Amino acid sequence: MLKETRSKLYCTGGVVLVLLLCVVVALIVNFSLDKPLTPTWSQSSAMVACVPRGGTVKQCEELGCIWRPISDDSPNCWFPEDSSQNGYGYEIKGDIQPTPIGKTMVLSRIPTTPLAYPESTPVEEVRLEVEYHDVNRLRLKFTDSKQARYEVSQHALDIRAPSTPPAADDMLYEVIYITQPQFGVKVIRKDTNATIFDTALPGFTFTDQYLQLTTRLNSSHVYGFGEHNHGRYKHDMNWRRWPIFSRGTGPKAEPLNLYGHQPFYMNIEKSGKANGVLLKNSNAMDIVLQPDPYPAISYQVIGGVLDFYIFLGPSPENVVEQYNMAIGYPVMPPYWSLGFQLCKWGYNGTAHVRDVLRRQREANIPQDVQYVDIDYTYEKLTFTYNRDGFRDLPKLVQELHDMGQKLILILDPGIGTDENVTSRAPPNNSYPALNDGVRQDVFIKNPNKTGYLTAEVWPGKVYFPDYTKPETTEWWTRCIEDFYVNQKVQYDALWLDMNEPKSFKSGSLTGSCDKNQWNNPPYLPKIEDYDKGHLYEGTICMDAVQDNWGQETVHYNVHSLYGHTMAMASYGVLRKLQPSKRPLVLTRSTFSGTGKYAVHWLGDNTSEWPQLAWSIIGMLEFNIFGIPYVGADICGFWGDTTEELCTRWMQVGAFYPFSRNHNAQNYPRVDGFIEQDPAVFGEPFVTRARDVLNTRYRLLPYLYTLFHYAHTTGSTVVRPLLHE
Ligand SMILES: *[C@@H]1O[C@H](CO)[C@@H](O)[C@H](O)[C@H]1NC(C)=O
Ligand SMILES: *[C@@H]1O[C@H](CO)[C@@H](O)[C@H](O)[C@H]1NC(C)=O
Ligand SMILES: *[C@@H]1O[C@H](CO)[C@@H](O)[C@H](O)[C@H]1NC(C)=O
Ligand SMILES: *[C@@H]1O[C@H](CO)[C@@H](O)[C@H](O)[C@H]1NC(C)=O
Ligand SMILES: *[C@@H]1O[C@H](CO)[C@@H](O)[C@H](O)[C@H]1NC(C)=O
Ligand SMILES: *[C@@H]1O[C@H](CO)[C@@H](O)[C@H](O)[C@H]1NC(C)=O
Ligand SMILES: CC(=O)N[C@H]1CO[C@H](CO)[C@@H](O)[C@@H]1O
């Protein structure tokens, strides 16, 4: 029996209102008091790490810094606050020069500044470029003066600078430069005088593999940064540390990096005005949050440049709109994709899928989309389907189409190389995806470039396509076309999985990589499994080589762009294949700007109550990351769900922008987790699920309109009360 005391999570007021209600529930569930952990010496400003994390008293004293442990996650060793004549960091060298759209200046390292990682060579001269992009947007880019460092390619994320700056009087901001005791830059909101971005602190660090910058905030109301499982929407600023680096791992309670790389936050100032800040950077990093009374954010990044884009709103919605305008407005989803969707890993054939479809119809459950997971493949090879249970897959798709329903197909990037399997692949006992790929040289190369890096995913040994290479998109197009046209599997959209990229063997087939600066960088952010001392756990070697659009680089730099570039390529193919239709690409891994090409689900969660609450926070966060089409696997992915949990999850999930019930097979157990499609439970579940889905369907024109606004103005589709 269901507990009747729980209130229905929905009402008839409209999607925004409904979702706000959910948010209120979630925030109450997760309510906790902030008790700032106060440092033990009287400081008058935010603090900056002299050793990024850990360290010893001795090391700290030798550096001339102060040892004050605060919490397990915080740094322990700090730059002294009152720097005498000498500051810690950089100082301006020469004059500030005007440029067509801003200012530029050279900063030189104050030689007495201690360096925690002598093995990471300091950049003696840093260039700061300040660009005024709009009345509400500016860019601060710290780079080395030779401009020879890795940067996120324009091919991956193109944020255009204007050729002329906005009129100075109209600008919402003013930028000032602090020269003593060390260099700092401040961005001030003119109408309130609030300082919203402020680096005038000791400890700005710029070395080949460790960059550190701390910015003071106007308030401790911080939202965003991803992808993580955040137990609350408004950040806990008590020295929490959040690592960012794409990782194929499911949502957990711990502060660990998940699938996507989203270094964007929003801050609500004391006045109630909002600003947002993107760090355009694809390298692994830690974000460290500091509490009141000196709220601040420290970035500890292991590569690239520090390229900040600041958006001044002033409303939270304005911030998101301005951010989306910069990175690209979210895709407009096709109307059918707002319908209810069903998936399970573990359908053993089309007969099983037909059973599931039939029982939803008989139960009058509205269902627009059916998925097939990796079960349909021949021995898990991408671009094949097996001639056992799925031999009539093309016919199943046709039947779905005849009923006005759609089919979405899973597609993994790893291309199987096991000859024993590829030589038997249907229909022609060959595997063109592999053979053409080798011919076109599209795969990620091993570190010495003598061949391709071999990893291991579902098909066993695999090569990973290098989507930063133009030829790869051509090859990918041919593979997708072949499956659609020649093999006649006329799917309606693509679902990209395992694209962090995920490898079951860490590094390569041998389970390891060479010991070097890329695989074992001097500073390792506190990513999942950091205690193993390397960066490649669950993925490929960091010294593998990628094309990076002709600017060849190590995987270390472009790792977090993998899912993003795969989504870009796939979106392009679908546009070409079905020119009269809107492409839908669902991707597990994302980067800043992925929303222009693809949509997202929150990954492989578990059928547990806390996961239901977390999903609401994840959904709100992806709305500020510019991927408003988002939802979690309704009823939970791993584990056996329960009837009550699944009922409540159907009732919340009916208002996810992306409403899909999906569950795992019980790998390696063959009998699988219990089925959890709505019809399988019988009454009273079916009536409850149908009622709430009918409410969703009544609201679809409204939801569709919200997506139109998202697509044309960058606004959110689901938003918390604070946006209103
Ligand atoms: C901001 O500062 C300026 C200069 O100090 C002052 O004239 C102005 O009144 C201040 N504005 C507000 C809103 O405090
Ligand atoms: C934040 O800005 C307000 C002006 O809106 C100012 O009064 C306040 O002192 C600032 N707080 C901090 C911590 O900078
Ligand atoms: C799928 O499972 C059902 C039920 O266990 C079984 O009857 C059927 O033979 C299986 N189909 C295939 C293709 O394995
Ligand atoms: C190759 O495949 C066949 C048929 O599936 C199997 O019997 C054999 O053990 C496989 N050999 C290897 C080396 O995997
Ligand atoms: C398989 O081979 C046949 C005969 O050569 C050919 O007509 C067909 O196009 C091939 N199928 C695919 C999917 O390549
Ligand atoms: C290149 O690297 C591969 C594995 O990464 C190794 O097997 C091979 O021996 C290396 N070749 C040379 C010439 O170093
Ligand atoms: C695959 C995975 O990481 N699943 C996690 C889902 O969340 C639960 C907690 O609710 C974890 O225990 C699982 O490990």
Side-chain angles (χ1 to χ4, degrees), residues 150-158 245-248 259-261 282-283 327-328 331 382-383 409-417 433-434 436-446 449 452-455 457 459 462-483 494-503 539-542 544-577 583 585-600 627:
Y150 165 75
E151 289 184 30
V152 175
S153 166
Q154 281 200 357
H155 295 276
L157 177 60
D158 189 10
F245 195 52
S246 290
R247 177 71 193 263
Y259 316 101
H261 187 108
S282 59
N283 286 94
I327 61 173
V331 277
T382 301
F383 303 119
L409 201 71
I410 199 168
L411 217 52
D412 286 354
I415 297 297
T417 66
L434 175 66
D436 287 359
V438 170
R439 207 164 21 248
Q440 292 284 306
D441 193 25
V442 304
F443 300 111
I444 295 181
K445 298 200 163 62
N446 67 22
K449 298 203 280 174
Y452 304 121
L453 185 125
T454 310
V457 203
V462 299
Y463 296 153
F464 280 115
D466 176 4
Y467 298 100
T468 66
K469 188 171 183 177
E471 290 77 9
T472 308
T473 304
E474 292 166 24
W475 160 83
W476 191 241
T477 304
R478 281 197 303 279
C479 292
I480 293 181
E481 275 178 353
D482 171 71
F483 203 54
L494 292 174
W495 170 29
L496 314 180
D497 198 23
M498 311 299 276
N499 58 358
E500 292 72 27
K502 166 85 174 179
S503 175
T539 189
I540 61 175
C541 292
M542 292 294 141
V545 180
Q546 289 196 239
D547 185 60
N548 189 34
W549 296 276
Q551 311 255 294
E552 195 174 276
T553 193
V554 279
H555 185 69
Y556 179 88
N557 289 322
V558 290
H559 169 77
S560 286
L561 293 175
Y562 196 83
H564 177 74
T565 54
M566 184 190 187
M568 287 172 68
S570 306
Y571 174 84
V573 182
L574 289 191
R575 279 206 83 105
K576 187 160 169 262
L577 201 60
V585 175
L586 175 63
T587 179
R588 194 165 80 175
S589 183
T590 64
F591 185 71
S592 321
T594 300
K596 187 176 167 185
Y597 310 98
V599 301
H600 180 58
I627 311 183

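Predicted model only: the values in this text are computed from it and were never measured.
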Please report the shortest heavy-atom distance between [X] and [Y], naming the atom on each side.
| X | Y | value |
| --- | --- | --- |
| N446 | V545 | O-CG2, 3.9 Å |
| T472 | P465 | CG2-CB, 3.9 Å |
| D547 | P470 | OD2-CD, 3.8 Å |
| N499 | S589 | OD1-N, 3.0 Å |
| K502 | G248 | NZ-O, 3.1 Å |
| T587 | G563 | OG1-O, 4.1 Å |

Derivation and outcome, side-chain contact (heavy atoms from CB on, under 4.5 Å), residues V599 and V585: CA-CA 6 Å; V599 301; V585 175; over 6 Å; no
Taking it one step at a time, do Y467 and W475 satisfy ring pair (Phe, Tyr, Trp, His ring centres under 6.0 Å)? CA-CA 10 Å; Y467 298 100; W475 160 83; 7.2 Å; no
Check: [Y] and [X] side chains under 4.5 Å, non-hydrogen atoms:
| X | Y | answer |
| --- | --- | --- |
| T565 | W549 | yes |
| S153 | T468 | no |
| H555 | Q546 | yes |
| F443 | D466 | no |
| T539 | H559 | yes |
| L411 | I480 | yes |
| Y556 | N283 | yes |
| K469 | D441 | yes |

Approximate separation, where rounding is to 0.5 Å, of [X] [atom1] and [Y] [atom2]:
| X | Y | atom1 | atom2 | result |
| --- | --- | --- | --- | --- |
| S560 | F245 | OG | CZ | 5.0 Å |
| F483 | L494 | CZ | CG | 10.0 Å |
| K596 | I327 | NZ | CD1 | 10.0 Å |
| F383 | E481 | CZ | CD | 11.0 Å |
| L496 | T382 | CG | OG1 | 10.5 Å |
| M566 | M498 | CE | CE | 11.0 Å |

Considering residues at least two apart in sequence or located in another chain, which fulfil the side-chain hydrogen bond (donor to acceptor under 3.5 Å, both in side chains) criterion with N548?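 Testing N548 for side-chain hydrogen bond (donor to acceptor under 3.5 Å, both in side chains), a comparison that skips the adjacent residues, returns none.
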Between the side chains of N557 and S282, does any donor sit under 3.5 Å from an acceptor?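 The answer is no; no qualifying pair exists.
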Verify the distance criterion only: is there a donor paired with an acceptor across the side chains of H261 and S246 at less than 3.5 Å?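 Judged by distance alone, the side chains do not pair up.
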Can you tell me which residue among F464, Y452, Y463 is in a side chain to side chain contact (heavy atoms under 4.5 Å, CB included) with I444?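 Exactly one candidate clears the test, F464.
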Start with the C-alpha gap between Y597 and H564, add the side-chain angles, then the distance that decides, and say whether side-chain contact (heavy atoms from CB on, under 4.5 Å) holds. CA-CA 8 Å; Y597 310 98; H564 177 74; 4.2 Å; yes
Could you walk me through whether V462 and T454 pass side-chain contact (heavy atoms from CB on, under 4.5 Å), step by step? CA-CA 6 Å; V462 299; T454 310; over 6 Å; no
Is atom CD of Q551 surrounded by more than 12 heavy atoms (other residues, nucleotides or ligands) closer than 6.0 Å?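 Incorrect, the count does not exceed 12.
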Mind running salt bridge (Lys or Arg N to Asp or Glu O under 4.0 Å) on K445 and E552 for me, showing each step along the way? CA-CA 11 Å; K445 298 200 163 62; E552 195 174 276; over 6 Å; no
